[in-house]
Amino acid sequence: MRAYVRRTVRTGLAVAAATAVMAGNVSAAHAASPAGTGEDHAAVQRIMDRVVEEHGIPGMIAEVRDGEQRWIGKAGVSDLKTGRERAINERVRVGSATKTFTGALILRLEAAGKLSLDDTVEKWLPNVVKGNGNDGSKISVRLLLNQRSGLRNPYLTQPLADMISSPAWYPRRFDWYPLEKVVKHGMELKPYKPNERFIYSNVNYFLLAMIAEKATGKSYATLIKEQIAKPLGLTGTYMPERNDMRIHGPHPRHYSKLWAWLEDPNAKIYDVTENNAATAGAAGGMVSTLPDLNKLTRALAAGTFLPPKQHKEMWTTISTADALPAEQWLPNTKYGTGVHDLKLTCGVTVHSTGGMFNGSYTYAMSSRDGKHSLAINMNGDWAKDKTEHPVNWLIEAATAEFCGE
């Protein structure tokens, strides 16, 4: 899973605290817990308790919506220094879940006649995708959305890899790295043919944001506010502007070992809450809350937010099994337009989004009818050893909730 670890941190994609994190400072809040698939959600709670106690993750929190019923569970803390508990209104950096917002935005703009998914990159961004075999005239907006453009992921190469996902990033966390420069790095890599294989690359979503801005004359942050957050009533969601280092509103501290735990389980823990997250842009820079992500995921799954044509386009998912070995993505998934279908071990498939940003893992998933959903976050990004992986715990929680396992 290491390739997945390295990639998600770049999607985009907390603490100067003792390495001995709390064990036993665990609590749970239950509100109107219906019996059902999740059996009062006790299994989800046990998973969160175990992760905090055994792996030293500072805190976890989850929100389940099942019809009109709501359940909230939490374990650990938001702040290692003060011991403040996790809270459901906290805003977190959601990493690649940002791609879901971007995908929905592009589909909304298509529905409004601002662009077409059949448009080429060259039409909107002349001479941006070119050189070394890269050709924007052969890549459609749809292929960018589906991660099948053939464009490579420059974050898997040096020097971008270490700059984003190692302790070398920490002293540079406030630096601004232009997204256009990342795209340019991508053009230095020889591409695959358009639609030849699944290649998970932030470059695709940087280009989508650039196209959206060109088609509307508005900034990406403004478009997210006008086209997604406001219509859905997402009160805790926003895209940070350049050089805005803080998370505005209530939030947990974000703690990271910056992937050094893969070699040293006792690696230093950093507080990475403040950083220039706008450098992750439309691929991984968003701030949101679990209630907002549940609301978004349910609306997108049920088809209540996008017109029928665009809803069908979003969930016309494509296999990710042909990804390159070095770029393997989540198993048992099919990718749509910034979203994915995740098939759980019991055979149930959930409509999903998720992402990682240094110090934060977030996942949100919904039944196809949008009636049953789970959103979950952890404000740490390591495991006690490299035989485990944080994303597996989030999928384990989904399995417990939707399969009753």
Side-chain angles (χ1 to χ4, degrees), residues 34 36-38 41 44 62-72 94-111 117 142 145-147 205 224 227-237 286 288-320 329-330 332-355 362-377 391 394-395 397-404:
T37 305
H41 322 290
V44 176
E63 182 196 57
V64 173
R65 302 303 300 260
D66 196 353
E68 297 301 316
Q69 303 292 334
R70 184 191 194 198
W71 174 85
I72 297 168
V94 299
S96 279
T98 305
K99 293 180 175 68
T100 302
F101 290 86
T102 305
L105 170 63
I106 294 296
L107 292 173
R108 293 261 294 182
L109 294 180
E110 183 197 41
L117 300 196
R142 180 179 287 103
L145 286 166
N146 292 334
Q147 302 274 19
Y205 278 72
I224 289 297
Q227 293 289 330
I228 310 295
K230 187 174 180 180
L232 281 173
L234 308 183
T235 58
T237 297
M286 196 79 67
S288 191
T289 67
L290 296 190
D292 278 6
L293 289 177
N294 258 335
K295 188 179 291 186
L296 173 71
T297 307
R298 296 174 82 185
L300 292 178
T304 59
F305 183 59
L306 296 172
K309 176 184 176 183
Q310 283 71 34
H311 175 70
K312 181 179 179 180
E313 189 76 49
M314 171 165 271
W315 297 106
T316 300
T317 53
I318 299 171
S319 173
T320 64
W329 206 59
L330 285 170
N332 303 314
T333 58
K334 292 185 176 181
Y335 202 83
T337 62
V339 293
H340 59 275
D341 282 334
L342 171 64
K343 187 175 182 179
L344 302 173
T345 53
C346 63
V348 170
T349 296
V350 288
H351 284 351
S352 306
T353 182
T362 308
Y363 220 134
M365 54 219 86
S366 172
S367 59
R368 292 184 185 277
D369 60 9
K371 294 180 180 179
H372 186 189
S373 64
L374 164 69
I376 186 167
N377 170 266
V391 76
L394 306 186
I395 295 175
T399 304
E401 180 60 34
F402 292 96
C403 298

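In this text the structure is predicted, and so the values were computed from the model without any measurement.
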Colleague: How long is the span from the OG1 atom in T337 to the CG atom in L306, to the nearest 0.5 Å?
Modeller: 8.0 Å
Colleague: Between N146 and G336, which heavy-atom pair has the shortest distance, and what is it?
Modeller: OD1-O, 2.9 Å
Colleague: Could I get the full list of side-chain hydrogen bond (donor to acceptor under 3.5 Å, both in side chains) partners for D369, not counting sequence neighbours?
Modeller: S367
Colleague: For E63, check salt bridge (charged side-chain N to carboxylate O under 4.0 Å, His left out) against everything at least two apart and list the hits.
Modeller: R70
Colleague: With F305, which residues qualify under ring pair (Phe, Tyr, Trp, His ring centres under 6.0 Å), at least two apart?
Modeller: none
Colleague: Taking the side chain as everything from C-beta on, heavy atoms only, tell me whether Y363 gets closer than 4.5 Å to V350.
Modeller: no
Colleague: Would you say T349 and D341 are linked by a side-chain donor-acceptor pair, where the criterion is simply a distance under 3.5 Å?
Modeller: no
Colleague: Might you point out which heavy atoms bring K99 and Y205 nearest each other, and give the distance in Å?
Modeller: O-CE2, 3.5 Å
Colleague: Quick one: does H372's side chain get under 4.5 Å of V64's, heavy atoms only?
Modeller: yes
Colleague: Which pair of non-hydrogen atoms, one from L344 and one from F402, has the smallest distance, and what is that distance?
Modeller: CD1-CB, 3.8 Å
Colleague: Who passes side chain to side chain contact (heavy atoms under 4.5 Å, CB included) against A301, sequence neighbours left out?
Modeller: H351, S366
Colleague: How many angstroms lie between CG in L394 and OG1 in T362, if you round to the nearest 0.5 Å?
Modeller: 8.0 Å
Colleague: V339: which residues meet the side chain to side chain contact (heavy atoms under 4.5 Å, CB included) condition with it, sequence neighbours left out?
Modeller: T100, M314, W315
Colleague: With sequence neighbours left out, write down each residue that passes side-chain hydrogen bond (donor to acceptor under 3.5 Å, both in side chains) with T289, or none if nothing qualifies.
Modeller: none
Colleague: Please name all residues satisfying side-chain hydrogen bond (donor to acceptor under 3.5 Å, both in side chains) with T320, sequence neighbours left out, ordered by chain then number.
Modeller: T333
Colleague: Filter on salt bridge (Lys or Arg N to Asp or Glu O under 4.0 Å), then keep only pairs touching residues 293-318, sequence neighbours left out; what's left?
Modeller: R142-E313
Colleague: Could you tell me whether the side chain of T317 reaches within less than 4.5 Å of the side chain of H340, counting heavy atoms only?
Modeller: no
Colleague: By side chain to side chain contact (heavy atoms under 4.5 Å, CB included), which residues pair with A364, not counting sequence neighbours?
Modeller: L293, T297, T353, A375
Colleague: Residues two or more places apart in sequence or in another chain: which of them pass side chain to side chain contact (heavy atoms under 4.5 Å, CB included) with T235?
Modeller: D292
